[in-house]
Enquirer: 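This is the structure I want to talk about, given as structure tokens.
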2 protein chains.
Amino acid sequence: MKKLSKNRVKKKGVNKFINKIICADSLKKLKEIPDDSIDLIFADPPYNLQLKNELWRPNQTKVDAVNDDWDKYDGFEHYDRFCKKWLKECQRILKETGTIWVIGSYHNIFRVGKIMQDVGLWTLNDVTWVKSNPMPNFMGTRFTNATETLIWAKKHENAKGYTFNYQLMKKFNKGKQMRSDWYISICNSKERIRDKEGKKVHSTQKPEKLLRYVILSSSKEGDIVLDPFAGTGTTGAVAKKYGRKWIMIDNEENYCKIMKERMNSIKDRVVWLEEHKLRF
Amino acid sequence: MKKLSKNRVKKKGVNKFINKIICADSLKKLKEIPDDSIDLIFADPPYNLQLKNELWRPNQTKVDAVNDDWDKYDGFEHYDRFCKKWLKECQRILKETGTIWVIGSYHNIFRVGKIMQDVGLWTLNDVTWVKSNPMPNFMGTRFTNATETLIWAKKHENAKGYTFNYQLMKKFNKGKQMRSDWYISICNSKERIRDKEGKKVHSTQKPEKLLRYVILSSSKEGDIVLDPFAGTGTTGAVAKKYGRKWIMIDNEENYCKIMKERMNSIKDRVVWLEEHKLRF
DNA sequence: GTGTAGTTTGAATCCTACG
DNA sequence: GCGTAGGATTCAAACTACA
């Protein structure tokens with residue numbers, strides 16, 4: 001009886017966030033989400049990247065690099081403390097059967113991965129997003145930076161029953177077991193959201209295919225998918241298309257406005273049903 | 001005059017280690033190497049991996065997994081302290097123009113990468129070794145673990161003049177700028193060193209092609225290449241073949257014995273000269 | 001020698017039930 | 001809780017056997 005009651009409260013607690021775009025401080029909002037209530041988290045945290053000089057192409061056109069306001073941190077310590085806080089909250093709100101994905105580049109993913117281990121999240125895979133069309137290294141002083149890293153982890157070492165749609169992912173890989181290297185082009189052309197001046201709205205908008213792999217491999221229909229740094233809402237868009245519930249959190253009003261338009265333009269499960277006929 | 005003298009001492013200091021296989025505690029020996037004396041370091045540190053259960057194939061044969069004696073650590077803290085120590089020494093002995101490569105899997109690379117940043121090594125690239133023939137995931141509960149990660153870094157943020165043989169690497173990539181994803185099969189067949197019973201001598205022997213990319217991209221002929229966890233000495237073998245000086249350190253007597261045979265069987269620069277005629 | 005089928009095996013935090 | 005034992009699962013490449 002007590003347990004039932006507690007579960008009802010818990011369920012009610014998370015219900016008010018479901019299918020909402022929440023414009024608020026990510027950490028503050030995560031703290032309001034009940035324990036053990038989320039099936040899947042996808043997080044693309046700020047990159048701790050602050051370019052001292054602007055980057056210019058050889059032809060003197062400016063490269064629109066990552067230098068947004070949300071990307072300022074004093075140093076490693078500040079960043080580590082911040083990551084520990086939001087990762088702990090993510091771990092707390094994950095169901096026992098839930099998993100979390102975090103994406104990053106070499107600027108931040110090592111720190112993030114180390115902290116994930118420290119808080120007790122249990123790595124299932126490190127997945128490499130191999131970009132078919134990365135930005136080349138203009139100076140010829142390094143290798144083309146052609147990858148980003150995703151870490152997929154469960155709530156803790158002994159957590160049982162996480163979702164992995166093995167057979168479905170196999171279908172996506174010509175009938176062979178899906179590997180941890182994913183070949184996906186960067187987000188551009190029609191998918192890329194731009195403002196009226198044609199400027200990119202978000203400096204690191206993720207391609208929908210990446211989120212499709214994430215969401216279809218590790219969640220079920222009806223599951224709750226949460227993104228604490230939602231940006232332009234690719235996670236929510238893909239979640240909605242494939243019949244998942246979603247919670248999108250971002251501190252930037254501009255992103256939230258764009259997300260609202262984007263989410264409203266998507267009809268539930270349309271693409272999922274379409275592809276269902278073809279492949280599922 | 002004073003500077004000249006200091007340089008002479010420094011040079012003499014490192015000379016006694018050159019082209020030597022040193023069977024000793026890695027950290028202790030690194031401390032004896034002079035400051036600013038090494039051009040290139042390749043490190044494949046122990047993986048902080050300890051297998052709890054044995055794994056059996058579907059056909060009831062046992063998987064010969066990694067469970068060596070050198071791979072026991074009490075936990076993260078112990079491992080972190082150990083890594084900080086050897087990485088600090090590596091940074092100290094690197095020339096201003098020198099660089100370091102560290103390889104690892106998701107079990108350890110996040111901790112190692114975080115510590116590399118903490119001690120002030122400056123990341124140039126994270127390179128993904130994509131394995132053409134990884135061990136599959138037998139249970140179908142995760143993605144095939146198909147990659148390992150290499151981190152390439154210079155001595156500190158403002159270090160100038162590191163070696164990157166851009167044009168040569170371009171040749172290895174069909175005339176296009178070399179990317180940070182490298183497609184290399186795991187070490188097996190003739191290259192794999194086995195004992196009289198046909199058993200693998202080292203559980204994680206690296207393929208020569210991987211070391212070829214590392215050494216040819218980031219060192220010059222005559223440079224000093226050091227490996228603090230040399231194992232069966234693939235780093236030394238490739239260094240010798242391509243006309244680099246080498247210092248191999250490993251604590252295991254068995255490995256050192258095998259390395260001696262291996263290094264003696266290689267004639268200096270033979271392969272390099274051969275390939276020079278063909279490609280360089 | 002050549003081609004084909006069968007065998008072997010590689011850095012893995014691979015499951016579940018039971019005592 | 002934990003440790004242990006039983007049992008279900010896999011892909012690519014090198015190597016072997018044999019026609």
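A note on names: the letters A, B, ... follow the listed sequences, proteins ahead of strands, and every chain is numbered from 1.
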Enquirer: Both distances under 3.5 Å, Watson-Crick or G-U wobble: report the partner of D:dA8, or none.
Expert: none

Enquirer: Applying a 4.0 Å non-hydrogen cut-off, can you work out what B:Q205 is touching in the nucleic acid: base, sugar-phosphate, or nothing?
Expert: nothing

Enquirer: What is the distance, to the nearest angstrom, from the CD1 atom on B:I193 to the P atom on C:dG10?
Expert: 14 Å

Enquirer: Of all heavy-atom pairs between A:V102 and A:V112, which one has the smallest distance, and what is that distance?
Expert: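 Distance-wise, the nearest heavy atoms are CG1-CG1, 3.6 Å.
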
Enquirer: Provide the distance between the two P atoms, one in D:dA5 and one in C:dA12, to the nearest whole Å.
Expert: 23 Å

Enquirer: So what does B:D44 hit on the nucleic acid, given a heavy-atom distance under 4.0 Å: a base, only sugar-phosphate, or nothing?
Expert: base

Enquirer: Please check if the side chain of A:N165 supplies one atom and the backbone of A:L216 the other of a donor-acceptor pair under 3.5 Å.
Expert: yes

Enquirer: Closer than 3.5 angstrom, by distance alone: can the side chain of B:K240 be matched with the main-chain N or O of B:I266 as a donor-acceptor pair?
Expert: yes

Enquirer: Whole Å only: how far is the CG atom of B:N145 from the C1' atom of D:dT10?
Expert: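 Interatomic distance, CG of B:N145 to C1' of D:dT10: 14 Å.
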
Enquirer: Whole-Å distance between D:dT10 P and A:M178 CE?
Expert: 16 Å

Enquirer: Could you please name the option among D:dA12, C:dG10, C:dC15 that lies closest to any side-chain atom of B:M139?
Expert: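 Selected nucleotide: C:dC15.
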
Enquirer: Closest nucleotide of DNA chain D for B:G140 versus for B:N133: which of these residues is on the 5' side?
Expert: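 On the 5' side of the pair lies B:G140.
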
Enquirer: Let's test this: given Watson-Crick or G-U wobble pairing with both distances under 3.5 Å, identify the partner of D:dC15.
Expert: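 Pair assignment: D:dC15 / C:dG6.
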
Enquirer: Check the distance between D:dA8's P and B:R142's CZ and give it to me in whole angstrom.
Expert: 21 Å

Enquirer: Base, sugar-phosphate alone, or nothing: which one does B:N137 contact when heavy atoms must sit under 4.0 Å apart?
Expert: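 Result for B:N137 = base.
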
Enquirer: Under a 3.5 Å cut-off for both distances, is C:dA11 Watson-Crick or wobble paired, and to whom?
Expert: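 Per the H-bond distance test, none.
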
Enquirer: Taking the C1' atom of each, how far is D:dG7 from C:dG10, in whole Å?
Expert: 22 Å

Enquirer: Counting distance only, does the side-chain N/O of A:R92 pair as donor-acceptor with the main-chain N or O of A:D36 below 3.5 Å?
Expert: no

Enquirer: Between B:R194 and A:L124, which is nearer to the 5' end of DNA chain C once each is assigned its nearest nucleotide?
Expert: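 Mapping each residue to its closest nucleotide by heavy atoms, the 5'-most match is B:R194.
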
Enquirer: Whether the side chain of B:Q91 engages the backbone of B:V119 through a donor-acceptor N/O pair (distance < 3.5 Å, no angle test) should be reported.
Expert: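 The answer is yes, because a donor-acceptor pair under 3.5 Å joins these two groups.
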
Enquirer: Heavy atoms only, 4.0 Å cut-off, all strands: where does A:R179 land among base, sugar-phosphate and nothing?
Expert: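 Nothing, no nucleic acid heavy atom in range.
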
Enquirer: Taking CD1 from B:I186 and P from C:dT9, how many angstroms apart are they, rounded to a whole number?
Expert: 13 Å

Enquirer: Going by the ring pair (Phe, Tyr, Trp, His ring centres under 6.0 Å) test, name the single residue among A:W101, A:W182, A:W129 that passes it with A:Y213.
Expert: A:W182

Enquirer: Between C:dG10, C:dC14, D:dA14, which nucleotide gets closest to the side-chain atoms of B:N188?
Expert: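 Shortest atom-to-atom distance from the side chain points to D:dA14.
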
Enquirer: Any idea which of C:dA12, D:dT10, C:dC15 is nearest the B:T141 side chain?
Expert: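 Within the option list, the nearest is C:dC15.
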
Enquirer: For A:N125 and A:K160, take the nucleotide of DNA chain C holding the closest heavy atom to each; which residue's nucleotide lies nearer the 5' end?
Expert: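 With A:N125 and A:K160 compared, the 5'-side residue is A:N125.
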
Enquirer: Of the candidate nucleotides D:dT10, C:dA11, C:dC15, which contains the atom at the shortest distance from the side chain of A:Y166?
Expert: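 The listed nucleotide nearest to A:Y166's side chain is D:dT10.
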
Enquirer: Work out how far the P atom of D:dA12 is from that of C:dC14, and round it to whole angstrom.
Expert: 22 Å

Enquirer: Considering just the side-chain nitrogens and oxygens of A:K176, establish if one lies under 4.0 Å of OP1 or OP2 belonging to D:dA12.
Expert: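 Yes, because at least one side-chain N or O of A:K176 sits under 4.0 Å from OP1 or OP2 of D:dA12.
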
Enquirer: Round to a whole Å and report the spacing from CD of B:E191 to P of C:dT9.
Expert: 18 Å

Enquirer: If you only use heavy atoms from C-beta on, which nucleotide in C:dC14, D:dA14, D:dT10 is closest to the side chain of A:K170?
Expert: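 So the side chain of A:K170 is nearest to D:dT10.
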
Enquirer: Could you tell me whether B:S132 contacts a base, only the sugar-phosphate backbone, or nothing, with contacts defined as non-hydrogen atoms closer than 4.0 Å?
Expert: sugar-phosphate

Enquirer: Write down the distance between CE (B:M135) and P (C:dA12), rounded to a whole number of angstrom.
Expert: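 After rounding, the reported distance stands at 4 Å.
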
Enquirer: C:dA11 and D:dA8: how far apart are their C1' atoms, nearest whole angstrom?
Expert: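 After rounding to an integer number of Å, I get 23 Å for this pair.
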
Enquirer: Quote, to the nearest angstrom, the C1' distance that separates C:dT8 from D:dT10.
Expert: 13 Å

Enquirer: Where the side chain of B:K190 is concerned, which of C:dA12, C:dG10, D:dC15 is the nearest nucleotide?
Expert: D:dC15

Enquirer: What's the NZ-P distance between B:K209 and D:dA13, to the nearest Å?
Expert: 12 Å

Enquirer: Kindly say whether A:V214 contributes a backbone atom to a donor-acceptor pair with the side chain of A:S217 at under 3.5 angstrom?
Expert: yes

Enquirer: Would you indicate, yes or no, if C:dT8 has its OP1 or OP2 atom less than 4.0 angstrom from a side-chain nitrogen or oxygen of B:R192?
Expert: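 Indeed not, no polar side-chain atom of B:R192 lies that close.
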
